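This report refers to the structure that appears directly beneath it.
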Amino acid sequence: MKVLVLGSGAREHALVKAVAADPEVDAVIAAPGNPGIDATALCVPVDILDGEAVAALARDHDVDLVVVGPEAPLVAGVADVCRSAGFPVLGPSAAAAMLEGSKSFAKEVMAAAEVPTALAHVCTNLAEVESALDALGAPHVVKDDGLAAGKGVLVTESRDEALRHAERCLSKDAGRVVVEEFLDGPEVSVFCISDGTHVVALEPAQDFKRVGDGDTGPNTGGMGAYSPLDWAPADLSDQVVARIAQPTIDEMHRRGTPFVGVLYVGLALTGRGPKVIEFNARFGDPDGHASFARLESPFAQLLFAAATGDLEGFGRLRWSDDHAVVVVIASEGYPAAPRTGAPISGLDAAAEIPGVVVLHAGTRLDEDGVLVSAGGRVLDVLAVGSDLAKARSAAYDAVSLIELEGSHHRTDIALRAERGELVV
Ligand code: AMP
Ligand code: GLY
C-alpha cells in the first residue's frame with residue numbers, strides 16, 4: 001500500500017511513522033511534510049489547500065490512500081476533490097467537516113442526535129450576547145463560531161472580558177459567537193474513526209491546553225498529553241461511541257453528508273456524565289499521537305478500512321499495556337508572539353533514550369542546512385514506557401537533552417495522574 005499524508009506538523013509526523021510501521025505499507029509520501037517526516041516519507045512541496053494539486057500528486061504516485069492531517073484542507077474541500085478523483089480518503093468532505101468548522105452547526109447536529117453537550121446560545125449581536133451571558137451565568141464561555149486555531153475560545157469570570165471577546169468575534173464578516181454553559185470536570189479527548197456508518201474509538205487521552213504549569217496562562221494548541229487514563233471509567237471509549245459518536249455519525253449520514261474520518265470528541269467528565277466540549281474533524285496534536293502511540297493493530301489498514309467503508313470487518317483494536325506521554329517544546333514567546341529561526345540541537349541524543357521519539361512540529365532547515373524553529377510549537381517529545389512514571393521520566397530526560405534558545409515547556413504533564421490525584 002502507498003499512502004499520501006497531508007500536513008506538516010507533529011501530528012503528521014506521528015501519522016507518517018505509524019502508517020510506515022504497518023507491514024502492508026511500502027511507501028509514504030507527505031505533502032508538504034517537514035524535516036522530521038523527511039526521514040520516513042518522500043516529502044513533496046505541494047499546496048495542500050489546492051485539491052487539484054493534491055489529487056495530481058496522488059495520481060503521480062499512484063497512492064492507495066490519502067490521509068488528511070489538519071482541518072484547513074478538510075474545510076476547503078480537499079477530501080472531496082481527492083474522492084472524486086477516485087482515491088480512498090481518510091478525512092471528511094467539506095460538508096461533514098463543518099462539525100469542526102462551525103461550532104453552531106456542531107451544536108445543531110448534537111441537538112438533533114441528542115448528544116450531551118453544554119447548553120448554548122448562538123448570537124449575532126452584542127445584545128444577544130449580553131442576555132445569553134446573564135442567562136447562563138459565570139464562569140462565562142464565549143466561542144468564535146468559525147475556525148480560529150484554538151484561539152477563538154475565552155473562559156472567564158469577567159462579564160466585561162467576555163463581552164470584549166464577543167465584540168472582536170462579531171466584528172468579522174458574518175461573525176457569530178456561541179455563548180455556552182460552563183462545564184466543570186476533567187477534560188478528555190476520545191478519537192473516533194468512522195467509515196461514515198460504523199465507528200471505532202481509540203483509547204482516551206488527556207491534553208494540557210494552557211501554556212503554564214498548573215493550567216495557568218492562555219490557551220494553546222496543546223502543551224502535552226498522555227494516554228491511557230487510569231483514573232477515567234474503563235468503558236469511557238465505549239460510552240463515547242454509544243452516546244456521542246454513533247448518534248452523531250448516524251445524524252450526519254441521515255443528512256446525506258456522511259462523516260468519513262476522525263471525529264475528535266473533546267469531552268468534560270462532569271458530575272452528570274461525559275458532555276461534549278467540542279468536535280474536531282481530525283486527530284489532535286499532541287493528544288492524538290499520545291492516544292494512537294500504543295495501538296498494536298496495523299494503523300494504515302485501519303485508516304484504509306475507514307476510508308473504504310469497511311470498518312465493520314476490521315475487528316477489535318489491539319492495544320499494548322504501555323503508557324505514552326508527550327511533552328511539547330515551544331518557542332520563546334509562544335503563544336502570544338513566538339520567535340522562530342532559532343537553532344535546535346540534541347535531537348539525536350534525545351532519540352537514543354529507549355521509548356522516545358522526537359516529533360517535529362514546527363521546524364525547518366535554514367540556508368546552511370541547520371535545523372531551526374519555524375513555529376510556536378517546535379517539537380513533540382513522545383515517550384512510551386511500561387508505566388506512567390517511566391514514560392514521564394523518559395520524556396522529560398529527552399526534553400532536557402534538547403537545546404532551543406528561549407524555549408519553554410510544561411513540567412507537569414501527566415504529573416497529577418502519576419501521583420494518583422485525579423478521580424472522577
Ligand atoms: P474548544 O476550542 O471549544 O475546545 O475550547 C477550548 C478550551 O476552552 C477547551 O479545551 C476547554 O478547556 C475550554 N472550554 C470550552 N468550552 C467549555 C465549556 N463549555 N466549559 C468549560 N470549559 C470550556
Ligand atoms: N490538542 C488540541 C487539538 O489538537 O485541537
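First listed ligand is number 1; within each ligand, the first listed atom is number 1. Everything numeric here is computed off the predicted structure, so don't read it as measured data.
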Option whose closest heavy atom lies nearest to [atom], chosen from [options]:
{"atom": "atom 4 (O) of ligand 2", "options": "Asp285, Asn280, Asn219", "result": "Asp285"}
{"atom": "atom 12 (O) of ligand 1", "options": "Glu180, Arg210, Glu187", "result": "Glu187"}
{"atom": "atom 15 (C) of ligand 1", "options": "His140, Glu278, Lys143", "result": "Lys143"}

Within the structure, is a non-hydrogen atom of Tyr264 found at a distance of less than 4.0 Å from ligand 2?
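It does; at least one heavy atom falls under 4.0 Å.
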Hey, which atoms in ligand 2 end up nearer than 4.0 Å to a heavy atom of Gly284?
4 (O)
Ligand-side contact atoms (ligand 2) for residue partner Asp207, heavy atom cut-off under 4.0 Å
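Matching atoms, with element in brackets: 1 (N), 2 (C).
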Has ligand 2 got any nitrogen or oxygen that is less than 3.5 angstrom from a nitrogen or oxygen of Glu278?
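Checking ligand 2 against Glu278, no N or O pair falls under 3.5 Å apart.
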Do Phe283 and ligand 2 have an N or O pair less than 3.5 Å apart?
no
Checking salt bridge (charged side-chain N to carboxylate O under 4.0 Å, His left out) between Asp215 and each of Lys209, Arg210, Arg410, which is the one that passes?
Arg410
Atom pairs and distances, donor-acceptor, side-chain atoms in residues 415-424, under 3.5 Å, two or more places apart:
from   : atom 1 : to     : atom 2 : distance (Å)
Arg416 : NE     : Glu421 : OE1    : 3.3
Glu418 : OE1    : Arg392 : NH1    : 3.4

Just checking, any donor-acceptor pair under 3.5 angstrom between side chains of Glu71 and Asn280?
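Not at all, the side chains of Glu71 and Asn280 share no donor-acceptor pair under 3.5 Å.
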Polar-atom distance check: Phe182 versus ligand 1, any N or O pair below 3.5 Å?
no
Check this for me: Asp235, atom CG, are more than 12 non-hydrogen atoms of other residues, nucleotides or ligands nearer than 6.0 Å?
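Check passes, neighbour count above 12.
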Give me the residue, atom name and distance of the protein heavy atom closest to atom 5 (O) of ligand 2.
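Answer, as residue, atom name and distance: Arg282 NH2, 2.9 Å.
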For Phe304, all residues meeting ring pair (Phe, Tyr, Trp, His ring centres under 6.0 Å), sequence neighbours excluded
none
Any chance the rings of Phe191 and Phe292 have centres within less than 6.0 Å?
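No, ring centres 6.0 Å or more apart.
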